[in-house]
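Below is one structure; the comments refer to it alone.
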Amino acid sequence: MKRLHLHNLRLNALLAVMVLGIFSCTNPEDLLNGTSVNVHNDFLINPMTIQVLNYDGGEVPKDISVSAYGPDKDHIFTVLGEKDLTVSYSDADQNAAFLSLAVRRITAFDEEDPLEFTLKFEAEGYMPVFRNFSLTDEDRTMQNIRMFPVSASNIDGMNKEEVSIAQSGNGTLELVSARTPASQNGQRISIEVAPNTRMMDQSGKSIAGNVEAHVISYDYTNRFISSLAPVSLFANNARSQSGEELGFLNFAPVAVYSIDMYGAEGEVKQFDQPIKVEVEIPAGTPHPETGALIKVGDELEAWSFNEGFGDWQEEGSAKIVSENGDKLIAHFEQTHLSTWFLGGRIFCRPSTRFLIQNSNQPKIGPQTYYFVEVVNTLNNNIVNTFSFTRFFDGEVITVIVPAQFQNAPAILQFNIYQYQEDATPLYTSPLFAPCGDQLIINLDDVLAPPPGLGTKFFVNVSGTCSAGFSNFVVRPTLPLQFRPSGATAWNPLGWLDAGEGASMALEKGRFYDFRIAYRTLDRCVFNLQVPTQDSTVIIESSVYQYGPSMPFSETIDVDYVDTDNDGFDETVFFNYTNINVPDQACQEYIDFLNAPIN
């Protein structure tokens, strides 16, 4: 993946300048310090970047901590080789934070032997978010998660009920119940806490005083829930009730819910007697393991997300005990709190796979990313989403759909969008089954760039230190993010690899924001217009000088070329090379290279 930047400074010119640091998301800082942050490229690769957003697009909390779980957690580092997974913030754009993950180059992993781990994101006043990951190749990907405040009101896809529980020395004073509003798919969650129920934290210590309870039902048919929900709906290494390791499991939930309780002395995690849970399930819902319609007397598997080891644990079965109008009632009792689901597991062997044919996007070259929804055509429910999918020529995509029973018929299809916010898809696939289909998808025509998006942008960035540094050449390697001006979430534009990058995601004349968020380096520019013609731009630094009254300056040559002689300038070259880097910046860069790794 590769990329570049734009600037509008008297001329509309692509700002590769921010790569070398004239513009900063924080304070003006070292020109090169942190620029070639992938300095351990011989040792580390960067297969994943995670963007952390607030649920409503507002400011993200500044105290986000990240913990790793799972069998391969010790293989996960930051791009600087640190085990402490630190999130990168920006003072200029406080609505998104980034975490760039790295793996040692000598660590082998593929589809047969993936890297499996879980990350927990938490902050004061926010619900913790767990995400399971299974990395199968070195291709650089990006994921979104959204933090949800405990005190936030109901939003689409999440329906919450709050209740205050009074306690004495013997536990709860009276019978307490709570029931969520009905979700879009018709589900509701009810809980009942008996009198004299003692509430305890994770260690078993009693929590005295009043407790605030939050019961939330998650509607996974909503397109934003995949980035907002507290857990992933598959397990890298699930465990049975007896603790036996079950390995990878794909789940088909009928209902997903969480119960969170907080007191002045801490968070409630367990009880000395079970609390009752009832789940309303719309009539006509198929059983996730048989496909037959659920009826009274059926049982659904109950699973909880075990926060101790960061994966799913089997808890028993919930029984369908009654029918109330157009709803079935599932009953279950639980003695501890976390995120739970009622449903079943799917043994998809093999999973459905798509071989992508797309002459518009080779694996190596200018890149474009897309948002994908998988839809159940029987009820138009969204059953999974995929952000930042490339669809390069020759790509093999394995689809994990946690919403259909094994051996289900071909009732699914996926829609491809340019951006998640778009209403109209660029492409809708043929119908396919959730397990076992092997399809060839030709996207040559449907993903041909629309008018204004067919231009290929290439950038070349390098700088040379003076003879005192043995003419040290700086060619940065780092990921670049972008978004249409006015949007909230960032999208991957691509990578500079040793100073070179390319993309087809930009539209000539349109305004965008750009950002580098790569551990210690976090810089951005806003509302910049893509140039529409040849330009030469000279930009002076406000940070560095060659000498008194001799500011450091750089030149960007922007060249539009008609490479196939069809009368249209479809290729743009941004040459930002032969930069004579000031000695001060070169010394700062050398100091950065020699800095100890935690």
Side-chain angles (χ1 to χ4, degrees), residues 45-50 66-77 83 85 99 101-104 107-122 128-145 218 220 225-227 229-253 256 258 288 301-315 338-341 343-353 374 383-387 396-404 406 434-435:
I45 59 173
N46 173 216
M48 178 178 291
T49 296
I50 298 173
V66 184
S67 305
Y69 303 79
D72 294 316
K73 66 177 181 179
D74 292 334
H75 292 299
I76 305 303
F77 303 86
K83 289 299 296 180
L85 302 180
L99 172 64
L101 300 178
V103 177
R104 295 177 67 195
T107 301
F109 57 100
D110 54 30
E111 191 161 317
E112 298 300 321
D113 186 20
L115 283 182
E116 299 175 338
F117 60 96
T118 299
L119 297 181
K120 177 184 181 181
F121 295 78
E122 54 187 335
V129 177
F130 290 84
R131 284 291 179 272
N132 292 349
F133 297 101
S134 182
L135 299 184
T136 58
D137 57 51
E138 298 180 6
D139 193 33
R140 296 155 175 162
T141 62
M142 183 169 159
Q143 303 281 341
N144 280 347
I145 70 164
Y218 300 92
Y220 274 79
I225 285 298
S226 61
S227 64
V231 291
S232 302
L233 288 180
F234 72 92
N236 284 322
N237 192 15
R239 299 191 188 183
S240 68
Q241 283 183 275
S242 62
E244 175 189 3
E245 294 185 351
L246 302 175
F248 175 86
L249 285 181
N250 184 25
F251 296 115
V256 183
S258 64
E301 293 183 3
W303 293 75
S304 72
F305 195 88
N306 190 314
E307 299 180 8
F309 57 83
D311 219 324
W312 288 98
Q313 174 135 22
E314 186 181 20
E315 295 283 0
S338 67
T339 301
W340 291 65
F341 81 80
R345 66 191 89 176
I346 302 177
F347 299 95
C348 270
R349 294 295 185 269
S351 300
T352 289
R353 293 183 180 182
V374 182
V383 296
N384 212 346
T385 60
F386 303 90
S387 299
V396 177
I397 297 177
T398 299
V399 177
I400 298 175
V401 183
Q404 291 298 320
Q406 187 177 3
C435 295

Fill in the blank from the handout: Residues at least two apart in sequence or cross-chain that pass ring pair (Phe, Tyr, Trp, His ring centres under 6.0 Å) with Phe130, listed by chain then number, are Phe305

Fill in the blank from the handout: Applying ring pair (Phe, Tyr, Trp, His ring centres under 6.0 Å) to Phe133 and not counting sequence neighbours gives Phe117

Exercise for the section: Would you please name every residue forming a salt bridge (Lys or Arg N to Asp or Glu O under 4.0 Å) with Lys73, sequence neighbours left out? Expected result: none

Handout entry: side-chain contact (heavy atoms from CB on, under 4.5 Å) partners of Glu116, counting only residues at least two apart
Key = Pro71, Asp72, Pro114, Ser134, Asn236

Exercise for the section: Evaluate side-chain contact (heavy atoms from CB on, under 4.5 Å) for Leu99 paired with Phe121, printing each intermediate quantity in order. Expected result: CA-CA 11 Å; Leu99 172 64; Phe121 295 78; 4.2 Å; yes

Practice task
Please identify each residue that fulfils side-chain hydrogen bond (donor to acceptor under 3.5 Å, both in side chains) with Thr118, with sequence neighbours left out.
Solution key: Asn132

Practice task
Any chance you could measure Leu119, atom CG, to Arg131, atom CZ, to the nearest 0.5 Å?
Solution key: 10.5 Å

Practice task
Take Phe251 and Val231 through the side-chain contact (heavy atoms from CB on, under 4.5 Å) test and state the conclusion after the steps.
Solution key: CA-CA 12 Å; Phe251 296 115; Val231 291; over 6 Å; no

Problem - Side chain Asp311, main chain Gln313, donor-acceptor under 3.5 Å - result: no

Problem - Results of side-chain contact (heavy atoms from CB on, under 4.5 Å) for Ser240 - residues two or more places apart only - result: Ser242, Glu244, Leu246, Glu314

Exercise for the section: For Thr385, enumerate each residue passing the side-chain hydrogen bond (donor to acceptor under 3.5 Å, both in side chains) test, keeping only those at least two apart in sequence or located in another chain. Expected result: Ser226

Handout entry: Smallest separation among heavy atoms of Leu85 and Phe77, with atom names
Key = CD2-C, 3.8 Å

Exercise for the section: Find the distance between CD (Gln143) and OG1 (Thr49) and round it off to the nearest 0.5 Å. Expected result: 10.0 Å

Practice task
Look up atom CG in Leu135 and atom CG in Asp110, then write down how far apart they are to the nearest 0.5 Å.
Solution key: 11.5 Å

Exercise for the section: Compare every heavy atom of Phe309 with every heavy atom of Arg239, then report the nearest pair and how far apart it is. Expected result: CD-CZ, 3.5 Å

Practice task
Check Ala229 against Val129 and note the closest heavy-atom contact, atom names and distance.
Solution key: O-CG1, 4.0 Å

Practice task
Kindly write out the residues that satisfy side-chain hydrogen bond (donor to acceptor under 3.5 Å, both in side chains) with Glu245, not counting sequence neighbours, or none if the list is empty.
Solution key: Asn237

Exercise for the section: Work out which heavy atom in Ala238 is nearest to a heavy atom in Trp303; give both atom names and the distance. Expected result: CB-CZ3, 3.9 Å

Fill in the blank from the handout: Heavy atoms of Gly344 and Glu301 approach each other most closely as CA-OE1, 3.9 Å

Handout entry: Asp113 side, atom CG; Thr136 side, atom OG1 - distance, nearest 0.5 Å
Key = 11.0 Å

Handout entry: Heavy-atom donor-acceptor pair, Trp312 side chain to Ser232 backbone, under 3.5 Å
Key = yes

Exercise for the section: Identify, with sequence neighbours excluded, every residue that meets side-chain contact (heavy atoms from CB on, under 4.5 Å) alongside Ser338. Expected result: Ser304, Glu307, His336, Trp340

Practice task
Sequence neighbours left out, what passes salt bridge (Lys or Arg N to Asp or Glu O under 4.0 Å) with Glu315? Give chain and number order.
Solution key: none

Exercise for the section: Quick one: list whatever passes side-chain hydrogen bond (donor to acceptor under 3.5 Å, both in side chains) with Thr339, sequence neighbours left out. Expected result: none

